[in-house]
Peer 1: 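Here it is: the structure, laid out below.
Below, all heavy atoms of this structure are taken into account, side chains as well, without hydrogens, waters or symmetry copies.
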Amino acid sequence: MTIKVIIVDDQAMVRAGFAALLAAQSDIDVVGEAPDGREGVDVSRRTHPDVVLMDVRMPEMDGLEAARRLLDPPRGVIHRPKVLMLTTFDVDDYVYEALRAGASGFLLKDAPPADLISAVRVVAAGEALLAPSVTRRLIADFARQRPAPRRGALALRRGGLTPRETEVLELIARGLSNQEIAESLVLAEQTVKTHLGRVLAKLGLRDRAQAVIFAYESGLVTPGSQ
C-alpha cells in the first residue's frame with residue numbers, strides 16, 4: 001500500500017529536498033506541501049495523507065498548533081493523520097508539547113536520508129518514533145523540568161493497570177521495542193502487543209508516544225533512572 005505524505009515547512013528548499021527523496025520511494029507518494037501550519041492543516045484536510053511531516057517553528061501557525069488541529073479535529077472531520085515533527089534542535093519546547101498532543105514522534109532535519117524514509121514508514125505503520133536516544137532524553141528532560149500538577153490523578157489512573165501491564169508501560173517508557181520487551185519479560189512479541197493495546201485503551205492514550213509521556217508524568221518512571 002502506498003503511503004501518502006505531505007510536507008509542511010517554511011523553507012522551500014527543505015520541502016523540495018524531502019519531497020524528491022520521498023517521492024523516489026516506490027511505496028511513498030508526496031501528495032502536497034505547505035509553507036506554514038495553517039496552510040498545512042488545509043492541505044491535509046483536502047488530501048487526507050497518512051503522514052504529515054511537520055516543521056516545529058513556522059510563521060502564521062507553528063507546528064504545535066497545526067498538530068493539535070490535525071490530531072484533535074472539530075466535529076465532522078474524521079480524518080486524523082499521523083504527525084511526525086521535524087526540528088533543527090535536539091531539544092525544543094514545542095516537541096514535547098507536540099508529543100503530548102498526539103504526534104507520533106520527531107526527527108532532526110539533519111538526520112540521514114535513510115532515517116527520514118524509515119521514519120515515515122514506521123509512523124505510517126502505527127508505531128511511534130521513539131527509538132533514538134535523543135527522543136528519550138528530550139522527554140525525560142521536560143518531564144523533569146515540568147513536574148505535572150496532576151501527578152496524583154495520573155498515578156490513580158495508572159492503578160487500573162495489571163502488574164504485567166504496568167511492567168510493559170515502564171519498559172516502553174525506557175525506550176525498549178516490543179521485541180526487547182518480549183525478551184526482557186520472557187513473553188511472545190504478540191503478547192506484548194496485546195498488553196500495549198490494553199494499556200492504551202485503559203489509559204485513554206492514542207499511541208506509544210503518549211504512553212511514554214504518561215509514564216513520566218505519572219511518576220512510574222523517574223527521569224534519568226535506568
Side-chain angles (χ1 to χ4, degrees), residues 3-25 28-74 77-124 127-130 132 134-139 141-143 145-146 206-207 209-210 212-213:
I3 302 168
K4 296 195 299 181
V5 177
I6 68 170
I7 302 165
V8 185
D9 193 291
D10 61 335
Q11 298 181 47
M13 290 184 64
V14 171
R15 296 198 306 273
F18 284 0
L21 176 65
L22 294 173
Q25 310 307 308
I28 299 176
D29 184 14
V30 178
V31 297
E33 56 181 74
D36 61 68
R38 190 179 307 280
E39 189 172 333
V41 172
D42 292 339
V43 172
S44 179
R45 297 266 163 81
R46 291 198 308 268
T47 61
H48 292 183
D50 300 299
V51 177
V52 176
L53 294 179
M54 181 77 74
D55 188 20
V56 171
R57 299 186 179 186
M58 294 179 289
E60 296 295 327
M61 179 187 292
D62 63 30
L64 174 58
E65 180 58 28
R68 284 187 180 130
R69 296 193 183 193
L70 291 176
L71 296 168
D72 188 18
V77 176
I78 299 175
H79 179 255
R80 252 191 348 192
K82 303 293 184 182
V83 176
L84 178 61
M85 306 301 296
L86 299 168
T87 180
T88 309
F89 311 98
D90 62 355
V91 174
D92 194 303
D93 292 18
Y94 287 126
V95 176
Y96 177 76
E97 295 300 333
L99 289 174
R100 291 187 68 190
S104 294
F106 86 100
L107 191 70
L108 297 180
K109 286 187 179 181
D110 61 359
D115 286 3
L116 173 64
I117 297 166
S118 174
V120 168
R121 290 171 177 154
V122 166
V123 169
E127 294 291 331
L129 194 69
L130 294 174
V134 64
T135 308
R136 295 197 297 271
R137 187 181 73 244
L138 179 143
I139 294 172
D141 284 348
F142 277 95
Q145 293 168 18
R146 303 178 184 182
R206 287 193 186 101
D207 58 21
Q210 287 202 325
V212 173
I213 295 294

Peer 1: Is the shortest heavy-atom distance from the side chain of Pro35 to the side chain of Gln11 under 4.5 Å?
Peer 2: no

Peer 1: I'd like to check His79 versus Ser44 (side-chain heavy atoms, cut-off strictly below 4.5 Å). Are they in contact?
Peer 2: yes

Peer 1: May I ask you to test the Leu107-Leu116 pair for a side-chain heavy-atom distance under 4.5 Å?
Peer 2: yes

Peer 1: Within a strict 4.5 Å, meaning less than it, do heavy atoms of the Leu84 and Ser104 side chains meet?
Peer 2: no

Peer 1: Where do Met85 and Ala103 come nearest, in terms of heavy atoms and distance?
Peer 2: CG-CB, 4.0 Å

Peer 1: Taking only residues two or more places apart in sequence, or in another chain, which ones meet Glu39 in a salt bridge (Lys or Arg N to Asp or Glu O under 4.0 Å)?
Peer 2: none

Peer 1: Is it true that a side-chain atom of Thr47 and a backbone atom of Val43 form a donor plus acceptor pair closer than 3.5 Å?
Peer 2: yes

Peer 1: Got Val30 and Ile6 here, is their nearest side-chain heavy-atom distance under 4.5 Å?
Peer 2: no

Peer 1: Would you check if Leu22 and Ile117 make a side-chain contact, meaning some heavy-atom pair closer than 4.5 Å?
Peer 2: yes

Peer 1: How far apart are the closest heavy atoms of Asp115 and Ala111, and which atoms are they?
Peer 2: CB-CB, 4.1 Å

Peer 1: Show the nearest heavy-atom pair for residues Val41 and Met61, with the distance to one decimal.
Peer 2: CG2-SD, 4.4 Å

Peer 1: Do you know which two heavy atoms are closest between Ile28 and Arg121, and how far apart they sit?
Peer 2: CD1-NE, 4.5 Å

Peer 1: Begin from the C-alpha positions of Phe18 and Leu86 and carry the test side-chain contact (heavy atoms from CB on, under 4.5 Å) through to its verdict.
Peer 2: CA-CA 11 Å; Phe18 284 0; Leu86 299 168; 3.6 Å; yes

Peer 1: How close do Asp36 and Met58 get, counting heavy atoms only, and between which atoms?
Peer 2: CA-SD, 3.8 Å

Peer 1: Determine the minimum heavy-atom distance between Pro81 and Pro49, stating which atoms define it.
Peer 2: CB-O, 3.4 Å

Peer 1: How many angstroms lie between atom CZ of Arg57 and atom OG1 of Thr87, to the nearest 0.5 angstrom?
Peer 2: 7.0 Å

Peer 1: Any donor-acceptor pair under 3.5 Å linking the side chain of Asp62 with the backbone of Leu64?
Peer 2: yes

Peer 1: Does a side-chain N-to-carboxylate-O contact under 4.0 Å join Lys109 and Asp55?
Peer 2: yes

Peer 1: If the condition is side chain to side chain donor-acceptor pair (under 3.5 Å), which residues does Arg38 pass it with, not counting sequence neighbours?
Peer 2: none

Peer 1: Hey, are the side chains of Val56 and Phe106 touching, using non-hydrogen atoms and a 4.5 Å cut-off?
Peer 2: no

Peer 1: Test Val8 against Val52 for side-chain contact (heavy atoms from CB on, under 4.5 Å), laying out the working first.
Peer 2: CA-CA 7 Å; Val8 185; Val52 176; 3.9 Å; yes

Peer 1: Looking at side-chain heavy atoms only, is the closest gap between Lys4 and Val51 below 4.5 Å?
Peer 2: no

